[in-house]
S.K.: 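Dropping a structure here in structure tokens format, bear with me for questions.
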Amino acid sequence: MNNSLVLVRFASIFGLIGAVLGAHMAGAGSYAFRPVHAHILVVGWLSLFAWAVFYKVFKIEQSVLTQIHVWTAIIGSTGLTIGMWLNMVKPFPLPEGVTLLFYIGGGVTLLISFITFFLITLFTKK
Ligand code: HEM
Ligand code: HEM
């Protein structure tokens, strides 16, 4: 499956979950989910969507770097938002170490994704 299609499918899932969370916050009048909602949408929906379009608009050859970029983007945004939810909303009485593992692990993975994306743009020929 090509990068654009994988990314846009995950973007649409994030978009759906994020919008439902926004609607829930508005309805419940509780903003506990605000940072989770914000990251699901700006990272999961908008950034993954932007990258999906990037792979469609630019002619990028498939490489180890593009595979790392795409999968760290997906795993990182999932890990970061689940980690934020577990750590900030605290739906389960999990030890701090466990919630931080998701939160920091997801955040670091997402950073790797942004770094590889930067490298890919450098190596893209005119
Ligand atoms: C689809 C694209 C969307 C994006 C990118 C987005 C993004 C954001 C961001 C970044 C924040 C945090 C703002 C802040 O820190 O003050 C936020 C807050 C919020 N969003 Fe969304 N949002 C979207 C859709 C929605 C939808 C569809 C709803 C409701 C149906 C919604 C309801 C809310 C609510 C209630 C807050 C909390 C507002 C507050 O803190 O005062 N959002 N959103
Ligand atoms: C690399 C991992 C990241 C971590 C660990 C992280 C962490 C955080 C934290 C702790 C906050 C404050 C939340 C609060 O109000 O309690 C925040 C806010 C925010 N971040 Fe991130 N972030 C990351 C990546 C990103 C990225 C890539 C974007 C944009 C594409 C982004 C967009 C935002 C926005 C719009 C807000 C304000 C939303 C709000 O006030 O609820 N973040 N972030």
Side-chain angles (χ1 to χ4, degrees):
M1 223 193 320
N2 67 43
N3 295 340
S4 293
L5 190 56
V6 175
L7 286 168
V8 85
R9 281 195 179 147
F10 277 96
S12 72
I13 298 167
F14 277 108
L16 178 62
I17 298 171
V20 168
L21 273 184
H24 167 74
M25 290 194 302
S30 160
Y31 294 162
F33 280 106
R34 198 194 68 198
V36 182
H37 161 81
H39 288 82
I40 284 180
L41 287 168
V42 293
V43 183
W45 161 233
L46 298 181
S47 302
L48 294 193
F49 189 85
W51 283 327
V53 174
F54 166 77
Y55 282 109
K56 204 77 200 168
V57 170
F58 290 84
K59 297 279 166 279
I60 308 292
E61 268 178 44
Q62 196 72 281
S63 66
V64 176
L65 214 52
T66 60
Q67 286 306 292
I68 294 176
H69 170 243
V70 169
W71 290 103
T72 49
I74 292 164
I75 296 165
S77 28
T78 308
L80 177 74
T81 51
I82 291 178
M84 265 186 173
W85 173 54
L86 295 177
N87 190 265
M88 292 177 168
V89 184
K90 299 193 195 324
F92 314 111
L94 292 172
E96 183 96 2
V98 175
T99 63
L100 281 180
L101 194 73
F102 277 91
Y103 192 1
I104 297 174
V108 170
T109 309
L110 187 63
L111 283 179
I112 292 171
S113 191
F114 273 94
I115 293 166
T116 51
F117 176 62
F118 169 64
L119 294 175
I120 290 167
T121 63
L122 287 186
F123 298 142
T124 301
K125 292 181 224 78
K126 208 174 154 196

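Remember, it's a predicted structure, so these values are computed and weren't measured experimentally. Heavy atoms only: backbone and side chains are in, while hydrogens, waters and symmetry mates are out. In listed order, ligands and their atoms are each counted from 1.
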S.K.: Among protein heavy atoms, which sits nearest to atom 5 (C) of ligand 2, and what does the distance come to when rounded to 0.1 Å?
M.R.: L80 CD1, 3.7 Å
S.K.: Examine distances only and state if a side-chain atom of S47 and a backbone atom of V42 form a donor-acceptor pair shorter than 3.5 Å.
M.R.: yes
S.K.: Name the closest protein heavy atom to atom 9 (C) of ligand 1, giving the residue it belongs to and the distance to 0.1 Å.
M.R.: A38 CB, 3.8 Å
S.K.: Please list the nearest protein heavy atom to atom 36 (C) of ligand 1 with its residue and the distance rounded to 0.1 Å.
M.R.: M25 CE, 3.4 Å
S.K.: Please state which protein non-hydrogen atom is closest to atom 7 (C) of ligand 1 and give its distance, to 0.1 Å?
M.R.: H37 NE2, 4.1 Å
S.K.: Quick one: look at M84 and ligand 2, take heavy-atom pairs under 4.0 Å, and tell me if it's side chain, backbone, both or neither.
M.R.: side chain
S.K.: Using heavy atoms and a threshold below 4.0 Å, how should the contact between L46 and ligand 2 be classified: side chain, backbone, both, or neither?
M.R.: neither
S.K.: Identify which of F33, W45, Y31 has a heavy atom lying nearest to atom 38 (C) of ligand 1.
M.R.: Y31
S.K.: Note the single closest protein heavy atom to atom 29 (C) of ligand 2, along with its residue, its atom name and the distance in Å.
M.R.: V42 CG2, 3.8 Å
S.K.: Report yes if R34 has an N/O atom closer than 3.5 Å to an N/O atom of ligand 2; otherwise report no.
M.R.: yes
S.K.: Of all the non-hydrogen atoms in the protein, which one sits nearest to atom 13 (C) of ligand 2, and at what distance?
M.R.: P35 CB, 3.9 Å
S.K.: Tell me the nearest of S113, G106, G79, G107 to atom 2 (C) of ligand 2, using heavy-atom distances.
M.R.: G107
S.K.: Can you list the ligand 2 atoms lying under 4.0 Å from a non-hydrogen atom of S47?
M.R.: 30 (C)
S.K.: With rounding to the nearest 0.5 Å, note down the distance linking CG in L80 to CH2 in W85.
M.R.: 14.0 Å
S.K.: Please list the nearest protein heavy atom to atom 10 (C) of ligand 2 with its residue and the distance rounded to 0.1 Å.
M.R.: Y103 OH, 3.3 Å
S.K.: Looking only at distances, can you tell me whether any N or O atom of H39, backbone or side chain, sits closer than 3.5 Å to an N or O atom of ligand 2?
M.R.: yes
S.K.: What protein heavy atom sits nearest atom 16 (O) of ligand 2, and how far away is it?
M.R.: M88 CE, 4.1 Å
S.K.: Check each of I40, V43, L16, L41 against atom 24 (C) of ligand 1 and report the one with the nearest heavy atom.
M.R.: L41
S.K.: What atoms of ligand 2 come within less than 4.0 Å of a heavy atom belonging to F114?
M.R.: 27 (C)
